[in-house]
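Working notes for the structure below.
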Amino acid sequence: MKSEPNEFGIDDLFNRPHQTEPWDGVRNYQARNMMRDQMKIGDLAFFYHSNCDIPGIVGIMKISREGYPDPFAFDPDDKHFDPKSSPDNPRWFMVDVQYVKKLSRTIPLQELKQYSELEDFALVRRGNRLSIMPVSKTQWDFILGLE
DNA sequence: GCCAACGTTGGC
DNA sequence: GCCAACGTTGGC
């Protein structure tokens, strides 16, 4: 799951009450479908810092609440307002995530791109813009082994 | 339903 | 700040 650290980084999650935060503001259908349909309580996710000095994987979090409507879509004053989403028929969903740990080092995107083991990992494919993407067990274990 | 125009993402 | 890669929008 990607986030820009100048907006919301791993340290921000660490400092939240209960170290938990709703992953709001996602306005992409593929990412929404994953949050709404696939991500389950207790599932683990990598926290990825994008749009920063060293883009890369910085930590691990877990899903603490399964998909529910993103209320910011209903707020006309919010940056992520969407008039086509309503409480009766919500278009956008989010999950809550809870801090698990910070990796002992950032694993840079540049490094992840070098491993043939990760050539099918969506994150390293050219032009990828998904903010949430699946990680296979094999990929997960391999990446953890790089720490 | 096509597709040009436009906006956004995000690495570099 | 540049720009490639995409997703979305809207005229037709």
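Numbered from 1 within each chain, the chains take letters A, B, ... in sequence-line order.
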Problem - Closest-nucleotide ordering on DNA chain C, the 5'-leading residue of Gln30(A) and Asn51(A) - result: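 Nearer the 5' end of the strand: Asn51(A).
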
Exercise for the section: Just grab all the salt bridge (charged side-chain N to carboxylate O under 4.0 Å, His left out) pairs involving residues 111-131 of chain A, residues at least two apart or on different chains. Expected result: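 Found Arg105(A)-Glu111(A).
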
Fill in the blank from the handout: salt bridge (charged side-chain N to carboxylate O under 4.0 Å, His left out) pairs touching residues 63-88 of chain A, sequence neighbours excluded, are Arg27(A)-Asp70(A)

Report all side-chain donor-acceptor pairs from residues 10-18 of chain A shorter than 3.5 Å, counting only partners two or more places apart or in another chain.
from	atom 1	to	atom 2	distance (Å)
Asp11(A)	OD1	Lys102(A)	NZ	2.9
Asp12(A)	OD2	Gly9(A)	N	2.7
Asn15(A)	ND2	Asp11(A)	O	3.0
Arg16(A)	NE	Glu21(A)	OE1	2.8

For [X], enumerate each residue passing the ring pair (Phe, Tyr, Trp, His ring centres under 6.0 Å) test, keeping only those at least two apart in sequence or located in another chain.
| X | answer |
| --- | --- |
| Phe47(A) | Trp23(A), His49(A) |
| Phe72(A) | none |
| Tyr68(A) | none |

Exercise for the section: Measure from the side-chain N and O atoms of Lys2(A) to the backbone N and O of Leu130(A), and report whether any donor-acceptor pair falls under 3.5 Å. Expected result: yes

Fill in the blank from the handout: Residues pairing under ring-ring contact (aromatic ring centres under 6.0 Å, His included) where one sits in residues 105-128 of chain A, two or more places apart or in two chains, turn out to be Tyr115(A)-Phe142(A)

Exercise for the section: List for me each residue that meets salt bridge (Lys or Arg N to Asp or Glu O under 4.0 Å) alongside Lys137(A), sequence neighbours excluded, and say none if there are none. Expected result: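 Expected list: Asp141(A).
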
Fill in the blank from the handout: Students should find that the end-to-end axis angle of the helix from dG1(B)-dC12(C) to dC12(B)-dG1(C), with five pairs defining each axis and rounding to 10 degrees, is 10°

Problem - chain A contact limits on DNA chain B, taken 5' to 3' with a cut-off of 4.0 angstrom to heavy atoms - result: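 For DNA chain B, the relevant span reads dG7(B) to dC12(B).
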
Exercise for the section: Supply the members, apart from Trp92(A), of the Ile/Leu/Val/Met/Phe/Trp/Tyr cluster built from side-chain contacts under 4.5 Å; use none for a lone residue. Expected result: Tyr29(A)

Handout entry: Positions of residues 109-128 of chain A (non-hydrogen atom under 4.0 Å from DNA chain C), listed by number
Key =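 The answer is Arg126(A), Gly127(A).
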
